[in-house]
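Each remark here refers to the structure printed beneath this line.
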There are 2 protein chains.
Amino acid sequence: MTPSTSLTRAWIRLMRAQRVVLGAIEQDLKSAGLPPLGWYDVLLELSRVEAGRLRPYEIEDRTLLAQPNLSRLLDRMERMSLVRREAFAGDGRGQWVVITEAGRVMRERMWVVYAASLQAHVGAKLADAEADGLADLLAKLSR
Amino acid sequence: MTPSTSLTRAWIRLMRAQRVVLGAIEQDLKSAGLPPLGWYDVLLELSRVEAGRLRPYEIEDRTLLAQPNLSRLLDRMERMSLVRREAFAGDGRGQWVVITEAGRVMRERMWVVYAASLQAHVGAKLADAEADGLADLLAKLSR
DNA sequence: CGGATATAAATGCAACTGCATCTATATCGA
DNA sequence: TCGATATAGATGCAGTTGCATTTATATCCG
């Protein structure tokens with residue numbers, strides 16, 4: 001049941017590439033005095049939906065964050081006034097997570113840095129056609 | 001400076017694929033009662049070299065582990081008798097990290113599970129030629 | 001209706017990471 | 001040779017993650 005060398009090599013490079021690029025991006029965000037990428041993911045999901053609000057479990061599904069981690073991430077974001085929690089009428093257990101105006105502003109500020117960083121660390125190394133090929137191959141892995 | 005959609009899509013899928021596959025592999029190791037993947041990486045590097053020993057900074061270079069993290073990982077591995085630290089003659093600041101027989105056995109036990117997991121979570125989804133293509137594209141990113 | 005079960009989210013705790021700092025030893029240059 | 005600087009590795013601490021458990025509310029079924 002030993003995987004082929006092709007396979008092993010691809011996996012090792014996947015780990016390495018992700019680590020290198022993610023590290024570089026996080027570093028760029030930190031240098032700009034901005035919060036880590038996880039915050040961006042949450043803000044993006046919230047700003048994508050019309051009402052600017054989602055249930056925590058919906059955010060979970062979209063971001064692959066584990067429930068307790070999301071709960072505490074929301075605590076931190078709420079402390080920074082980027083989101084606010086509101087009661088969910090109709091189910092006493094539930095709540096809405098609502099993005100604030102400050103949250104929208106933060107998402108945009110983060111995107112400026114994130115986009116430049118992506119361009120520098122990925123875009124500069126991959127032509128568009130290559131990126132498409134990569135995306136297709138990677139898509140097979142998450143399914 | 002906005003990255004193309006191709007680029008963004010590739011990056012998001014890279015993050016997702018790595019998270020999904022790594023999560024599955026770690027889960028398989030844990031289910032088998034084995035330590036996490038980081039331990040494997042260290043054991044592998046040590047077992048690869050003829051004398052079965054490396055300086056900590058050499059392990060760092062090969063695994064991308066941060067120095068303080070490696071230092072403590074070695075503590076844990078030493079507690080489990082998988083490696084042992086020895087003085088490095090010729091530089092009083094340095095040391096050797098030596099893999100023990102138990103360490104070699106552990107590496108092999110981990111590889112059995114790791115290999116099966118890789119096969120299941122990557123191999124089953126990617127033909128060899130695709131894996132080669134993926135590896136080539138990913139190689140461009142770490143450079 | 002009322003007890004068993006399920007679901008939404010929070011909390012406690014241990015392990016791990018990143019980061020800054022510290023200690024000890026080496027090296028370099030006046 | 002000696003003080004300044006660099007390097008190897010360890011340690012302290014705060015922030016984060018994973019995992020198990022808890023709390024509160026819903027739902028389901030006899």
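In what follows, chains carry the letters A, B, and so on, assigned in the order in which the sequence lines appear, proteins first and then strands, with residues in each chain numbered from 1.
The separation between A:R79 atom CZ and C:dA10 atom C1' is 14 Å, rounded to whole Å. Counting to the nearest Å, the C1' atom of C:dA10 and the CG atom of A:L70 are 11 Å from each other. For the pair A:N69 CG and C:dA14 P, the computed distance is 17 Å after rounding to whole Å. Rounding to whole angstrom units, CD of residue B:Q95 and P of C:dA26 are separated by 14 Å. Atom C1' of nucleotide D:dG9 and atom CH2 of B:W96 are separated by 15 Å, given to the nearest angstrom. Rounding to whole angstrom units, CD of residue A:E26 and P of D:dT16 are separated by 11 Å. Between the CD1 atom of B:I59 and the C1' atom of D:dG9 there is a distance of 12 Å, rounded to whole Å. In this structure, the CZ atom of A:R72 is 9 Å from the P atom of C:dT11, given to the nearest Å.
Note on B:R85: every side-chain N or O is 4.0 Å or more away from OP1 and OP2 of D:dG9. Contact annotation: A:R93 does not reach the phosphate of C:dA10 (side-chain N/O to OP1 or OP2, under 4.0 Å). When the side-chain nitrogen and oxygen atoms of B:Q67 are compared with OP1 and OP2 of D:dT7, none of them lie within a distance under 4.0 Å. Taking only side-chain nitrogens and oxygens, A:Q27 never comes nearer than 4.0 Å to OP1 or OP2 of C:dG18. Of the side-chain N and O atoms in B:K30, none sit less than 4.0 angstrom from OP1 or OP2 of D:dG18.
The residue among A:L73 and A:D91 whose nearest nucleotide of DNA chain D lies closer to the 5′ end is A:L73. Heavy-atom distances to DNA chain C give each of A:D75 and A:G94 a nearest nucleotide, and the one nearer the 5′ end belongs to A:G94.
A:W111 and A:Y40 have parallel rings, their planes meeting at less than 30° on a 0 to 90° scale where 60° marks the start of perpendicular. The aromatic rings of A:F88 and A:W96 lie perpendicular to each other, with more than 60° between the two planes, well past the 30° mark.
Consecutive pairing runs in DNA chain C reach the stem threshold at C:1-30 with D:1-30, where a stem means at least three Watson-Crick or G-U wobble pairs with distances under 3.5 Å.
Within the 4.5 Å cutoff, no side-chain heavy atoms of A:L141 are placed close to those of B:V20.
Salt-bridge annotation for A:R9 and B:D132: present, with a side-chain N of the basic residue lying under 4.0 Å from a carboxylate O of the acidic one.
With B:L43 as reference, B:M77 is the one residue of B:R104, B:R48, B:M77, B:E108 to meet the side-chain contact (heavy atoms from CB on, under 4.5 Å) rule.
Taking every side-chain heavy atom of B:P68 into account, D:dT11 is the closest of C:dT17, D:dA8, D:dT11.
Side chain of B:S31 to main chain of B:Q27: a donor-acceptor pair is present (N/O by atom type, distance under 3.5 Å, no hydrogens or angles).
For residues 11-38 of chain A, no residue pair satisfies the salt bridge (Lys or Arg N to Asp or Glu O under 4.0 Å) rule, not counting sequence neighbours.
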